[in-house]
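Structure, as structure tokens:
Heavy-atom basis, side chains included; hydrogens, waters and symmetry copies ignored. It should be emphasised that the depicted structure is a prediction, and the values quoted were computed from it without experimental measurement.
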Amino acid sequence: MDFLVLFSFYLAFLLICVIMICIFTKSQRLKAVVLGGAQVCARVTPQCFQRAVQTLLHQLFHTRHPAFLALHLLLQGLVYAEYTYEVFSYCRELEFSLPCLLLPYVLLSVNLVFFTLTCSTNPGTITKTNVSLLLQVYEFDEVMFPKNSRCSTCDLRKPARSKHCRVCDRCVHRFDHHCVWVNNCIGAWNTGYFLIYLLTLTASAATIAILSAAFLLRLVAVSNLYQETYLDDLGRFQAVDTGFLIQHLFLAFPRIIFLLGFVIVLSLLLAGYLCFALYLAATNQTTNEWYRGDWAWCQHWPLVAWSPSAEPQIHQNIYSHGLWSNLQEVFIPATPSYKKKKR
């Protein structure tokens, strides 16, 4: 049973890493390697299997599918089950502060509330009834967002900062990105919920990592393991070193060690993405705008030669109005009246 739990933790972690690389990578070389590997596999695998895999990938990445949402809840449940079953009980025996041990459950409660809000809230779907109002919210910069552009799929005029989501098949106001983990787009009306959800998720993973590490350190200190000696392979007595301590703890508490490694790496990944999301919020950018603006900047790199006819215009962020106003807009979406007040 222990082996199955540990194997499921790391299998899920590897799956998360692969998915994040596939979603967020912009490396053309990596994409070429993936496509090359796919072509090699296509020559040796049956056609029926290829069609089944293509159908599965299409369902997962090109349609709204609850698979990643279920995986998210499963991983969260496994982490908290292991924390409750071992870390919490052992820490109580070592007389850890009860409020500190309950903090992960408080963060979990807040996280689940904002997770639900992020999943269920309309991100800002543009329809025929509200398109005329949304067209007045943001100015058109005439570079990234031309004034008279239309969505060929929805047959609607595109407000500035909007984008058609191919997964949800709808235009979204102030479109940020489509998040498979919440099975919803992140737009003007749920970006604040998503940011708090991401913050509490990062905090809960980091808190569990800190408490798990604190338990192991307290255990080593109480048992005086670092003052003991052991017989090596040659029959000589050796003082306990860090390597021996880690090996001993791994054999004595394998699930806690695996849990600690998992939540540490997960905390680092989430913290990195949280910093990126906070940077976007502070500068009043969306992921879509950052990606397109970053690509435009690459096109103006001095070492790259572009023909005068193909040279694009330089994009500038005209939507930033200072740190406080930018953060306020994340939690209180801009409206036409709000825009007039800013002027």
Side-chain angles (χ1 to χ4, degrees), residues 16 19-20 23-24 64 66 68-77 79-80 83 99-125 137 161 163 165 167-168 172-211 263-291 319-335 338:
I16 291 174
I19 291 170
M20 292 186 69
I23 292 175
F24 294 110
R64 295 190 67 182
F68 289 106
L69 191 148
L71 177 61
H72 174 286
L73 295 175
L74 175 63
L75 282 174
Q76 204 167 24
V79 167
Y80 271 87
Y83 171 77
C100 292
L101 295 178
L102 294 178
L103 181 59
Y105 299 108
V106 176
L107 292 171
L108 175 65
S109 302
V110 178
N111 177 257
L112 290 178
V113 170
F114 285 96
F115 172 76
T116 304
L117 290 172
T118 306
C119 295
S120 58
T121 301
N122 180 357
T125 304
V137 176
R161 312 190 77 181
K163 187 179 184 297
C165 177
V167 179
C168 297
V172 178
H173 177 50
R174 198 184 183 274
F175 177 85
D176 191 274
H177 69 287
H178 181 89
C179 181
V180 296
W181 299 107
V182 299
N183 198 28
N184 197 8
C185 286
I186 306 302
W189 299 340
N190 66 349
T191 299
Y193 298 147
F194 176 76
L195 198 59
I196 299 177
Y197 152 74
L198 183 61
L199 176 65
T200 53
L201 186 64
T202 306
S204 61
T207 303
I208 291 177
I210 292 171
L211 289 172
V263 292
I264 284 177
V265 176
L266 186 61
S267 299
L268 293 176
L269 291 174
L270 290 173
Y273 184 61
L274 176 62
C275 291
F276 173 68
L278 291 174
Y279 162 75
L280 293 181
T283 56
N284 204 340
Q285 296 183 81
T286 64
T287 303
N288 175 55
E289 293 164 3
W290 173 84
Y291 179 85
Y319 306 112
S320 180
H321 303 288
L323 178 62
W324 175 250
S325 297
N326 294 340
L327 293 177
Q328 186 179 16
E329 190 173 311
V330 170
F331 299 99
I332 306 176
T335 61
Y338 173 83

Inset, instruction - To the nearest 0.5 Å, tell me how far Leu112 CG sits from Leu117 CG. - result: 11.0 Å
Legend entry - Straight-line distance of Asn183 CG to Leu69 CG, nearest 0.5 Å: 6.0 Å
Legend entry - Ile264 to Ala209 - nearest heavy-atom pair and separation: CG1-CB, 4.0 Å
Inset, instruction - Sequence neighbours left out, what passes salt bridge (Lys or Arg N to Asp or Glu O under 4.0 Å) with Arg161? Give chain and number order. - result: Glu289, Glu329
Legend entry - Sub-4.5 Å side-chain heavy-atom contact between Arg174 and Val137: no
Legend entry - Member of Val330, Thr287, Asn326, Thr286 meeting the side-chain contact (heavy atoms from CB on, under 4.5 Å) criterion with Leu280: Thr287
Inset, instruction - Look only at the side chain of Asn111 and the backbone of Thr200, and say whether a donor-acceptor pair between them is shorter than 3.5 Å. - result: no
Inset, instruction - Could you tell me the separation between the OG1 atom of Thr202 and the CG atom of Leu269, rounded to the nearest 0.5 Å? - result: 10.0 Å
Legend entry - Side-chain heavy-atom pair Pro104, Ile208 within 4.5 angstrom cut-off: yes
Inset, instruction - Show the numbers, then the answer: is there a side-chain contact (heavy atoms from CB on, under 4.5 Å) between Trp181 and Leu71? - result: CA-CA 8 Å; Trp181 299 107; Leu71 177 61; 4.0 Å; yes
Inset, instruction - Report the C-alpha separation of Ser204 and Leu108 in whole Å, then their side-chain angles, then the decisive distance to 0.1 Å, and conclude whether the side-chain contact (heavy atoms from CB on, under 4.5 Å) test is met. - result: CA-CA 7 Å; Ser204 61; Leu108 175 65; 5.8 Å; no
Inset, instruction - Report yes or no: does Tyr273 contribute a side-chain atom to a donor-acceptor pair with the main-chain N or O of Leu198 at less than 3.5 Å? - result: no
Inset, instruction - Compare every heavy atom of Gly124 with every heavy atom of Trp189, then report the nearest pair and how far apart it is. - result: CE3-CA, 3.3 Å
Inset, instruction - Check whether any side-chain heavy atom of Tyr83 lies under 4.5 Å from a side-chain heavy atom of Leu211, and answer yes or no. - result: yes
Inset, instruction - Please report the shortest heavy-atom distance between Ile186 and Cys179, naming the atom on each side. - result: CG1-CB, 4.2 Å
Inset, instruction - Measure the shortest side-chain to side-chain distance between Asn288 and His178 over non-hydrogen atoms and say whether it is less than 4.5 angstrom. - result: no
Inset, instruction - Over 60° means perpendicular and under 30° means parallel, so classify the ring planes of His177 and Phe194, tilted if in between. - result: perpendicular
Legend entry - Exercise: identify the closest heavy-atom pair between Cys185 and Cys165: SG-SG, 3.3 Å
Inset, instruction - Verify ring pair (Phe, Tyr, Trp, His ring centres under 6.0 Å) between Tyr279 and Trp290, making sure each step is shown before the conclusion. - result: CA-CA 10 Å; Tyr279 162 75; Trp290 173 84; 8.1 Å; no
Inset, instruction - Could you grab the distance from atom CZ of Phe114 to atom OG1 of Thr121, nearest 0.5 Å is fine? - result: 10.0 Å
Inset, instruction - May I ask you to decide if Cys119's main-chain N or O and Asn190's side chain share a donor-acceptor pair within less than 3.5 Å? - result: no
Inset, instruction - Evaluate the ring planes of Tyr197 and Phe115, with Trp represented by its six-membered ring, and classify them as parallel (under 30°), tilted (30 to 60°) or perpendicular (over 60°). - result: tilted
Legend entry - Which atom of Leu270 lies closest to which atom of Ala205, heavy atoms considered: CD1-CB, 4.4 Å
Legend entry - Side-chain donor or acceptor of Asn184 paired with backbone N/O of Thr118 under 3.5 Å: yes
Inset, instruction - Check whether any side-chain heavy atom of Leu195 lies under 4.5 Å from a side-chain heavy atom of Leu278, and answer yes or no. - result: yes
Inset, instruction - Enter the distance from Leu107:CG to Leu102:CG here, rounded to the nearest 0.5 Å. - result: 11.0 Å
